[in-house]
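Here the structure comes first, spelled out in structure tokens, and everything after it is commentary.
Since the model is a prediction, treat every value here as computed from it, not as a measurement. Whatever order the structure lists them in is the order used to number ligands and atoms, beginning at 1.
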Amino acid sequence: MNDRLHPTATRLSPIELEARYGAHNYHPLPVVLTRGEGVWLRDTEGRRYLDMMSAYSAVSFGHGHPELVAALTEQASRLAVTSRAFHTDRLGPFLERLCTLTGMDRALPMNSGAEAVETALKAARKWGYKVKRIPDGQARIVVAAGNFAGRTTTIVGFSSEAQYRDGFGPFAPGFDSVPFGDVAALEAAIGEHTCAVLLEPIQGEAGIVVPPPGYLRAARELCTRRNVLLICDEIQTGLGRTGRRLAVDHEEVVPDGLTLGKALGGGLLPVSAFLAREDVMAQFTPGDHGSTFGGNPLAAAVGLAALDLLEREQLAERAAAMGERLIGALKALGHPAVAEVRGRGLLVGVELAPDFASARAVCEALMAEGVLTKDTHGTVVRLAPPLIVDAPQIDFAVAAFARALKACGG
Ligand SMILES: *Cc1c(COP(=O)(O)O)cnc(C)c1O
């Protein structure tokens, strides 16, 4: 390395370099990771950690899955990026698999989750104007309080989280927010200019909030009756995470639009998609919408391999079984510091008692016990390991959790 160009590189630690040269938009735990294999991570000191966080569910297949790495390297050396100006031999098979797996008619590939949600918003509005005949510029979309759908200016504009919005306005109009899980409020918010309802089947970033049983089914019936699209954001809950392929499968709901991301990239690449029924996706014509990297052959090859793996290894079923074990064991601790254990499959949140230590402090104590995860919303510890996790690893995590509570004074 040229020391004149990188004068501090030899003096500052990786953490110090991030602090010195990076934007301070994250507050990571003080661990520097260098390797990952399956459910395990290793740091620069050679310590080993169980990954109970999976990069917010992006690493559902575990770190460095040999089959996914093989798909990545093989495709990378053959053909990686072409743009959508041309066809490739990889995109079609990926889209077909996405549609057959989810029961949707068509898929539009993007990269990040936020881009998939933006695509859904565009499709919904255009459908509203062209099919539902909403007057130009008047389309409205109903969202739920506590939503998380990414960080673009439009998306944070309909967030109920003050910090996500503060200083980033003005925001796009046309969104109505209702309490999550409340069917009557949803019904009341739908007006004649409403084109869509956008919901997460379980709110992940809000702290693993599971709506009352029947909520999604009721939302489906309501949207059908009022000629409004039901769009489900399954970027975090989809692809086996909650114990079914999609979280909407728990209530046998078929949405009109669906967003996937995170695990779709096999933990190797950002790969997302907006999927929809025919007349919704038909709103896009050449030139309407696009992405330089969306649907590139490298992403398509890895995404296809990830979907293959999900099915072949029956990871949704595994998530259901391991999630039951995790939730059962956490509840069985009967610890007074645990106010609630909630979640579905391997998307689990532990709500700490209000007078107990912060979730951040518990995560730091967990780190000392060889388990990595992140707090969400101050009081919730997220537990969402790769779906390949096994029973002894779940038991290890729960034992570590009990010790971490003790270390925090519990
Ligand atoms: C993470 C997430 C997103 C945004 O995905 P990015 O890849 O970070 O843009 C959108 N919706 C939900 C439900 C998510 O959990």
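- Of all the atoms in ligand 1, the ones that sit under 4.0 Å from a non-hydrogen atom of S112 are 7 (O), 9 (O).
- A perpendicular orientation is assigned to the rings of H335 and F356, their planes being inclined by more than 60° (bins at 30° and 60°).
- Closest approach of W40 to H63, counting heavy atoms only: O-CD2, 4.1 Å.
- A salt bridge is absent between E252 and R244; no separation between the charged side-chain nitrogens and carboxylate oxygens falls under 4.0 Å.
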- [ ] Apply side-chain contact (heavy atoms from CB on, under 4.5 Å) to the pair L352 and L405, showing each step before the final yes or no.
- [x] CA-CA 10 Å; L352 299 171; L405 292 179; 4.1 Å; yes
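- A salt bridge links D256 to R220: one of the charged nitrogens lies within less than 4.0 Å of a carboxylate oxygen.
- Checked by distance only, ligand 1 and F148 come closer than 3.5 Å through their nitrogen or oxygen atoms.
- Residue contacts with ligand 1 include A149, since one of its heavy atoms falls under 4.0 Å from the ligand.
- Across M281, R277, K122, a single residue satisfies side chain to side chain contact (heavy atoms under 4.5 Å, CB included) together with W127, and that is R277.
- Closest to atom 2 (C) of ligand 1, if we only count protein heavy atoms, is K262 NZ, 2.5 Å.
- Applying the 4.0 Å criterion to heavy atoms of Q236 picks out, from ligand 1, the atoms 15 (O).
- Which parts of ligand 1 touch I235 is read off a 4.0 Å heavy-atom cut-off, strictly below it: atoms 2 (C), 3 (C), 10 (C), 11 (N), 12 (C), 14 (C).
- Residue E200 has at least one heavy-atom neighbour below 4.0 Å for each of these atoms of ligand 1: 13 (C).
- In this structure, atom 11 (N) of ligand 1 lies nearest to the protein heavy atom D233 OD2, 2.6 Å.
- Within ligand 1, the atoms closer than 4.0 Å to a non-hydrogen atom of A114 are 4 (C), 5 (O), 6 (P), 9 (O), numbered from 1 in the order shown.
- Ionic pairing of E221 and R217 is not present here: no N-O contact between side-chain nitrogen and carboxylate oxygen is shorter than 4.0 angstrom.
- Atom 7 (O) of ligand 1 has G113 N, 2.8 Å as its closest protein atom, hydrogens excluded (heavy atom only).
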